[in-house]
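Residue numbers begin at 1 in each chain, while the letters A, B, ... track the order of the sequences.
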2 protein chains.
Amino acid sequence: MRIGELAKATGTKAETIRYYEREGILPAADRTDSNYRDYSDNHLAALTFVRRARQLGFSMAQVRELLALSDSADKPCQEVDELVREQLEEVEQKIVDLSSLRNELRLLLRSCEANRIGECRIVESLALPFK
Amino acid sequence: MRIGELAKATGTKAETIRYYEREGILPAADRTDSNYRDYSDNHLAALTFVRRARQLGFSMAQVRELLALSDSADKPCQEVDELVREQLEEVEQKIVDLSSLRNELRLLLRSCEANRIGECRIVESLALPFK
DNA sequence: GCTTGACCTTGTAGTTGCTACAAGGTGCAT
DNA sequence: ATGCACCTTGTAGCAACTACAAGGTCAAGC
């Protein structure tokens with residue numbers, strides 16, 4: 001499998017795949033006679049894993065941890081569990097933050113009833129000091 | 001007002017303030033005899049505005065737009081309004097995305113009933129191909 | 001008057017996770 | 001043999017900071 005094929009199969013750009021290899025996230029591929037990268041099904045599975053984890057919001061560092069963990073089949077599951085739990089917490093915090101952001105923006109919109117910027121409360125509200 | 005004081009007052013690092021100046025987001029400050037930046041209350045208001053807008057999720061480019069708009073007090077409010085509306089839509093979309101992320105992570109957590117990584121469904125699920 | 005320490009200056013490089021070239025080599029169809 | 005899509009390496013860029021390094025300034029304390 002050449003890099004373009006793997007790219008298509010995983011919805012990843014070829015440049016990103018090479019970047020993962022450089023970063024040690026993916027193992028280096030074999031090379032053909034003409035120096036093209038030649039990928040196996042293992043690579044496909046690994047890249048799928050990486051992309052899925054990234055989509056779930058795990059950082060590269062976390063993906064590295066997950067990959068390391070998934071290699072040691074005999075270790076207890078607890079650490080993987082812990083990583084997922086952390087990620088879930090982060091996501092939940094982001095949702096909370098964004099929700100209050102949304103409320104502020106809605107307030108901002110409602111405050112704009114004048115029709116000239118000079119009277120527009122939006123610009124004013126933004127210039128208020130922090131609480 | 002020196003940069004450290006302004007930094008403290010706005011919850012911004014001094015380096016970030018200098019960065020804003022370099023980027024033209026903030027006007028350059030006066031200098032003291034010893035070449036220290038010397039800020040006015042106008043700078044304080046401007047920086048407060050910028051930080052608040054950034055906290056609300058506006059990009060630097062959008063902040064630039066807002067600043068330009070707020071300078072021309074005679075233009076209709078519509079343009080500011082439009083920016084806020086766009087921003088609100090983005091935030092709402094992010095909330096939707098993160099919510100489904102959260103659901104997936106919860107599912108993932110629940111799927112882990114084994115106690116060895118070799119049998120861990122989390123690791124398995126991550127390796128599944130994309131839908 | 002001299003040192004200590006907190007502050008300030010500029011400039012440059014690092015961060016995260018890619019993305020976008022540029023300049024050239026390869027493979028295959030026409 | 002020519003075109004075209006693909007591949008290679010290397011380097012630079014993106015956002016929005018953040019982190020030095022190497023040096024200048026200022027007020028306080030001894």
Please determine if Arg37(B) and Glu5(B) form a salt bridge, counting it only when a charged side-chain N lies under 4.0 Å from a carboxylate O. no
If you round to the nearest 0.5 Å, how far is CG of Leu56(A) from CZ of Arg102(B)? 14.0 Å
Show, in sequence, the C-alpha distance, side-chain angles and deciding distance for Thr12(A) and Arg51(A), and conclude whether the side chain to side chain donor-acceptor pair (under 3.5 Å) test is met. CA-CA 8 Å; Thr12(A) 313; Arg51(A) 293 304 282 176; 3.3 Å; yes
Length of the line joining Glu23(A):CD and dT16(C):P, which is rounded to integer Å: 9 Å
According to a strict under-4.0 Å criterion, is Lys13(A) in side-chain N/O contact with OP1 or OP2 of dG17(C)? no
Can you find an N or O donor on one side and an acceptor on the other, under 3.5 Å apart, linking the side chain of Tyr36(A) with the base of dG25(C)? yes
One thing to verify: whether Glu92(B) and Arg106(A) come together as a salt bridge, which I'm taking to mean a side-chain N less than 4.0 angstrom from a carboxylate O. yes
CZ of Arg31(B) versus P of dC7(C): gap in Å, rounded? 19 Å
Using heavy-atom distances to pick each residue's nearest nucleotide on DNA chain C, tell me which of Arg18(A) and Lys8(B) is more 5'. Lys8(B)
Please tell me which of Glu5(A) and Glu15(A) maps to the more 5' nucleotide of DNA chain D, matching each residue to the nucleotide holding its nearest heavy atom. Glu5(A)
Check this one for me: any side-chain N or O of Arg54(A) less than 4.0 Å away from OP1 or OP2 of dC18(C)? yes
Reckon Arg37(A) touches a base, only the sugar-phosphate, or nothing at all at heavy-atom distances under 4.0 Å? sugar-phosphate
Could you list where the contact with chain B starts and ends along DNA chain D, reading 5' to 3', using a 4.0 Å heavy-atom cut-off? dA16(D) to dC26(D)
Here the distance between atom P of dG17(C) and atom CZ of Arg64(A), to the nearest Å, is 9 Å
Between dG25(C) (C1') and Arg2(A) (CZ): distance, integer Å: 12 Å
Answer yes or no: is there an ion pair linking Arg52(B) with Glu104(A), defined by an N-O contact shorter than 4.0 Å? yes
Can you find a heavy atom in the side chain of Pro27(A) that is under 4.5 Å from one in the side chain of His43(A)? yes
For Thr32(A) and Asp38(B), take the nucleotide of DNA chain C holding the closest heavy atom to each; which residue's nucleotide lies nearer the 5' end? Asp38(B)
What distance separates Gln93(A) CD from Leu98(A) CG, expressed to the nearest 0.5 Å? 10.0 Å
With a 4.0 Å limit, can you tell me whether Arg22(B) has a side-chain N or O closer than that to the phosphate oxygens OP1/OP2 of dT12(C)? no
